[in-house]
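Here's the structure we're looking at; comments come further down.
Residues take their numbers from the sequence shown, with the count starting at 1. Atom set for the values below is all heavy atoms of this structure, side chains included, hydrogens, waters and symmetry mates excluded.
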Amino acid sequence: MSELSWQQERLEHNRLARAQRGDEEAFEQLTAPYRRELQLHCYRILGSLQDTEDLLQETLLAAWRGLEQFEGRSSLRSWLYTIATNRCLNALRAGARRPQAAPASAAATRPATGRSHPSESVAEIAWLEPYPDLLLEGLVDTAPGPEARYEAKESIALAFVSGLQYLAPRQRAVLVLRDVLGFHAEEVAEMLGASPASVNSALQRARTTMDGRVPPRHERLSLPLSAEHGDLVSRFADAFERDDVDAVVALLTEDAVVSMPPQPEWHQGRADIRRFLHDRHRRRKPRAWRFLATAANAQPAFAYYLQDGDGWERAGLFVVGVRADGIESVTRFHDDGLLDRFGVPSRL
């Protein structure tokens, strides 16, 4: 162990001892390095930013109250993940939320391969909310454990988070702990109070479901985009802002999807999206709009503003899915105060 590592371990040990004696400042310092990753962990399992914020506070409160019982048999990080995971599972069991079925007209356009389009899942999750990249700072480059199957950025994408919502609660927790964070089966079993065999069984079932809903890794692009794909997104946003529907459609993939959670409505394919965009443009007239670049779920995003008198009023967020061959998805979220977390102004 290096001198620096030894000093850090000693400092954490001293803070733990002080926190166990009731020192709130020591507890804050002790848990601060883990708060953002715990929040992201809860978001992956729950899919809702608001629920995530509530569960993070519950987790920290439970940790504060139970700190005297922490004996150091596992790392503090593992102990905190145990609390957070089980709080999330309790919330899921109490809520009993299920994805909504997609409209029959949209489901009929599903490719013959049987694989669900990733944005189909997004459209069916009524409680799904985007995750601000501001909350990912210092996290997306954190190396997961050796047994992780997903890279940090791809496990934040809307398609991945929405796909998780189709899993049973325990399967969801197991897949995140094993394939995203890279914990060993024995560690996960201890966290969930289960056997390693049951953990491995749940993991196999979860992987089968996710393989049908999340596109292969080579098809997914995340931030930072290459210069070529960054230019593609900029041209797409510019065409969208100018209501140039033909230019927008020209930049889409053949199977692109537009969805608008919490509405189960979604539109797939260039022809269907062209009709939808023309119809929305007619209904929105004469109000113009403007876009402001941001980022969500490690994907390009744009806050959009509608003309309001002599200014522009914030109205919502578009999250853009980019594939090697074009724009594969546009997911629109109403504002409803959501964009306060993105650090964008309420008016322009």
Side-chain angles (χ1 to χ4, degrees), residues 36 39-40 43 47-53 119 122-123 125-137 139-140 153 156-159 161-162 221-225 229-245 247-248 251-252 256-263 265-267 273 276-277 280-281 283-322 327-348:
R36 285 202 169 181
Q39 182 169 337
L40 180 57
Y43 171 73
S48 163
L49 184 56
Q50 179 61 58
D51 291 348
T52 291
E53 291 170 343
S119 289
V122 173
I125 310 299
W127 59 90
L128 185 68
E129 293 176 336
Y131 199 82
D133 276 22
L134 288 173
L135 301 179
L136 299 177
E137 294 177 359
L139 284 179
V140 291
K153 288 181 180 179
I156 299 165
L158 278 176
V161 175
S162 62
L221 297 176
S222 59
L223 296 180
L225 297 176
H229 291 112
D231 178 66
L232 170 69
V233 171
S234 296
R235 289 188 286 122
F236 175 78
D238 177 67
F240 220 135
E241 190 177 52
R242 292 185 288 105
D243 286 314
D244 187 341
V245 173
V248 168
L251 298 172
L252 300 175
V257 168
V258 171
S259 56
M260 298 161 287
Q263 302 173 36
E265 176 184 12
W266 62 295
H267 302 271
I273 292 174
F276 167 71
L277 292 179
R280 299 288 287 198
H281 176 55
R283 283 191 281 167
R284 201 183 70 248
K285 279 187 173 180
R287 299 181 78 186
W289 56 358
R290 285 185 178 177
F291 285 16
L292 184 64
T294 182
N297 295 80
Q299 297 172 242
F302 296 89
Y304 68 88
Y305 296 75
L306 297 177
Q307 193 169 23
D308 180 35
D310 59 352
W312 303 82
E313 181 182 9
R314 192 176 71 193
L317 181 78
F318 288 116
V319 181
V320 182
V322 188
I327 304 296
E328 74 157 352
S329 65
V330 183
T331 309
R332 186 212 65 185
F333 296 92
H334 278 302
D335 184 6
D336 297 331
L338 179 69
L339 286 180
D340 289 340
R341 283 101 156 184
F342 283 79
V344 297
S346 59
R347 289 184 64 84
L348 296 179

Reported CG-to-CH2 distance for the pair D51 and W127, which is rounded to 0.5 angstrom: 10.0 Å
Considering all heavy atoms, the nearest L339-A303 contact: CD1-CB, 3.8 Å
Side-chain heavy-atom pair R314, D340 within 4.5 angstrom cut-off: yes
Matching residue for F318 among F333, F302, F240 - test: ring-ring contact (aromatic ring centres under 6.0 Å, His included): F240
From L40 atom CG to N297 atom CG, the distance as rounded to the nearest 0.5 Å: 9.0 Å
Non-hydrogen atoms of Q50 and R341 that approach each other most closely: OE1-NH2, 2.9 Å
Which atom of T52 lies closest to which atom of Q39, heavy atoms considered: CG2-O, 3.0 Å
Side chain to side chain contact (heavy atoms under 4.5 Å, CB included) partners of D231, counting only residues at least two apart: R235
F291 and Y304 aromatic ring geometry - parallel, tilted or perpendicular at 30°/60° bounds: tilted
Derivation and outcome, side-chain contact (heavy atoms from CB on, under 4.5 Å), residues T294 and L317: CA-CA 9 Å; T294 182; L317 181 78; 3.7 Å; yes
Nearest heavy atoms of V319 and P130, plus distance in Å: CG2-CB, 4.3 Å
Side chain E129, main chain L338, donor-acceptor under 3.5 Å: no
Nearest-0.5 Å distance that lies between atom CG in D243 and atom CG in L277: 9.0 Å
Nearest-0.5 Å distance that lies between atom CG in L348 and atom CD in E313: 11.0 Å
Residues which pass ring pair (Phe, Tyr, Trp, His ring centres under 6.0 Å) with Y131, listed by chain and number, not counting sequence neighbours: Y43
Residue pair L49 / P132, side-chain heavy-atom distance below 4.5 Å: yes
Distance (rounded to the nearest 0.5 Å) between I156 CD1 and L136 CG: 4.5 Å
Closest heavy-atom pair and its distance - P345, Y305: O-OH, 2.6 Å
4.5 Å side-chain heavy-atom contact, F236 and V330: yes
Shortest non-hydrogen contact between R36 and L135, atoms and distance: CD-O, 3.6 Å
